[in-house]
Amino acid sequence: RWVYNRLIAGYRALGRYSRALDVFQDMKERGVTPDASTFCVVMDVLNKEGRFVEAVQMFRELQAAEGPMDVVTFSTAMYAFSKMGDKLGIQQAYQDMLKRGITPSLGCMNVLINAYSKAGNYAGAVRVFQSMRAKGPSPDFRTFSIMVDMRSKQGLAEEAEALFEEMEAKGMLQDSLVWGAMVQMYGRMGDVRRAKLWFRRMCQSGREPTVPVCNSLLFAMLKEGGMHSECHRLLDWMKGRGHAPS
RNA sequence: CAUUAUGCAU
């Protein structure tokens with residue numbers, strides 16, 4: 001089993017997803033019993049392949065058969081549910097995990113918040129975030145990044161700014177990429193001044209604005225109008241830094 | 001003790 005687990009995880013790490021699934025199939029045919037981590041890796045491979053329905057199906061079979069499951073199993077399943085936009089599935093998976101006496105880790109709570117956010121259950125995400133602040137596990141830079149991203153997608157600028165400031169105060173910015181979310185938010189809102197401000201801040205932090213971040217700023221400048229020379233300057237800047245415009 | 005989940009696309 002250990003050898004099979006290593007093989008499947010190894011192919012996953014190499015991005016050879018179909019090979020990983022073949023090995024899993026072979027494992028079952030040879031009568032080697034998968035454990036919790038085997039299923040976690042296989043479900044993750046299905047997620048990486050975009051086969052969320054199959055990932056969820058495997059999860060449901062594990063639930064029904066009382067198969068080996070751990071905190072990662074439920075996290076991986078919640079991720080799959082979120083990609084299908086299944087809010088109820090996320091919630092039920094989380095509740096079932098608690099019912100089975102599994103304690104959610106910080107990582108698991110991050111998956112849960114992100115899943116709610118991506119599925120459009122914003123109130124649910126905020127609820128979980130607040131409960132983490134009150135009762136733990138204490139939110140980390142990823143938790144905050146998820147929340148900043150969500151607020152920026154909602155166009156709630158004050159909330160996003162407040163969260164950014166809190167990250168700054170807590171020293172959570174060093175591993176983070178949240179500037180991009182701020183540029184994109186103001187870009188989408190057509191607020192050129194603030195989009196440019198955050199773009200500059202992103203550069204000053206040493207972070208490289210990605211193509212979509214540059215595009216957001218371009219979008220705002222085009223919407224504003226009369227900024228063609230600035231748009232071209234940004235385009236040239238992108239090319240100069242090796243960012244091929246999409 | 002080893003393998004596995006979580007933030008970023010106009």
Side-chain angles (χ1 to χ4, degrees), chain A residues 1-14 20 23-24 34-48 55 58-59 68-83 90 93-94 97 102 104-118 125 128-129 132 137 139-153 160 163-164 167 172-173 175-190 195 202 207-223 231 234-235 238 243-246:
Chain A
R1 174 156 77 200
W2 181 83
V3 171
Y4 272 109
N5 282 355
R6 288 295 301 213
L7 271 173
I8 296 168
Y11 281 122
R12 188 211 70 98
L14 293 171
V23 175
F24 177 61
D35 62 7
S37 53
T38 319
F39 286 112
C40 290
V41 177
V42 171
M43 281 169 60
D44 182 59
V45 166
L46 291 170
N47 282 345
K48 295 258 167 5
M58 180 169 284
F59 172 65
M69 292 192 282
D70 62 15
V71 68
V72 179
T73 316
F74 288 92
S75 307
T76 312
M78 290 192 293
Y79 185 90
F81 280 122
S82 78
K83 290 292 185 180
I90 299 163
Y94 183 71
M97 181 180 70
I102 297 170
S105 60
L106 171 61
C108 174
M109 298 305 278
N110 286 345
V111 177
L112 176 64
I113 290 193
N114 192 40
Y116 275 152
S117 162
K118 292 292 142 61
V128 175
F129 184 57
M132 285 173 78
D140 68 348
F141 80 96
R142 275 192 153 116
T143 324
F144 272 87
S145 301
I146 292 163
M147 290 304 291
V148 170
D149 182 64
M150 183 182 95
R151 290 323 204 175
S152 75
K153 296 239 155 72
L163 287 164
F164 182 93
M167 289 180 80
M172 282 179 174
L173 290 177
D175 300 314
S176 147
L177 302 166
V178 279
W179 292 266
M182 302 301 286
V183 178
Q184 287 177 64
M185 174 178 67
Y186 286 120
R188 272 193 299 265
M189 289 166 53
M202 184 168 194
R207 238 58 42 146
E208 192 72 16
T210 56
V211 173
V213 172
C214 296
N215 287 346
S216 302
L217 181 56
L218 275 172
F219 177 78
M221 294 196 295
L222 288 166
K223 201 172 161 192
C231 288
L234 179 52
L235 265 177
M238 286 172 72
H243 298 307
S246 60

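What's counted below: heavy atoms across the whole structure, side chains too, no hydrogens, waters or symmetry copies. Chain A is the first sequence line, chain B the second, and so forth, proteins listed ahead of strands; every chain is numbered from 1.
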TODO: Write down the distance between OH (A/Tyr186) and C1' (B/C8), rounded to a whole number of angstrom.
DONE: 18 Å

- [ ] Please state whether the phosphate of B/A5, meaning OP1 or OP2, lies under 4.0 angstrom from any side-chain nitrogen or oxygen of A/Arg12.
- [x] yes

- [ ] Give A/Thr76 one of three labels, base, sugar-phosphate or nothing, depending on what nucleic acid heavy atoms sit under 4.0 Å from its own.
- [x] sugar-phosphate

Task: Matching residue for A/Asp149 among A/Met182, A/Lys118, A/Met185 - test: side chain to side chain contact (heavy atoms under 4.5 Å, CB included) - done: A/Lys118

TODO: Verify the contact: side-chain N or O of A/Lys153 to OP1 or OP2 of B/U10, cut-off strictly under 4.0 Å; return yes or no.
DONE: no

Open item on the list: At 4.0 Å (heavy atoms only), tell me whether A/Cys214 reaches a base, stays on the sugar-phosphate, or touches nothing.
Closed with: nothing

Open item on the list: Heavy atoms only, 4.0 Å cut-off, all strands: where does A/Thr38 land among base, sugar-phosphate and nothing?
Closed with: nothing

Open item on the list: Under the rule for side-chain contact (heavy atoms from CB on, under 4.5 Å), what residues qualify as partners of A/Phe144, not counting sequence neighbours?
Closed with: A/Phe129, A/Arg133, A/Pro139, A/Leu163, A/Glu166, A/Met167, A/Lys170, A/Met172

Open item on the list: In this structure, how many angstroms lie between the P atom of B/A5 and the CE atom of A/Met97, rounded?
Closed with: 17 Å

Task: Candidates B/A2, B/G7, B/U4 - which lies nearest the side chain of A/Trp2 - done: B/A2

Task: Proximal nucleotide (of B/A5, B/C8, B/U4) relative to the A/Lys118 side chain - done: B/C8

Open item on the list: From the set B/U6, B/U3, B/A5, return the single nucleotide nearest to any side-chain atom of A/Ser105.
Closed with: B/A5

TODO: Identify whether any heavy atom of A/Val72 sits under 4.0 Å from a base atom; if not, whether one sits that close to sugar-phosphate; answer base, sugar-phosphate or nothing.
DONE: base

- [ ] Determine the contact category for A/Leu177: base if any of its heavy atoms lies under 4.0 Å from a base atom, sugar-phosphate if only primed atoms, P, OP1 or OP2 are that close, otherwise nothing.
- [x] base

- [ ] Look at all strands and tell whether A/Phe141 reaches a base, only sugar-phosphate, or nothing, counting heavy atoms closer than 4.0 Å.
- [x] base

Open item on the list: For a quick check of understanding: with a heavy-atom distance under 4.0 Å over all strands, which category does A/Asn114 fall into, base, sugar-phosphate or nothing?
Closed with: sugar-phosphate

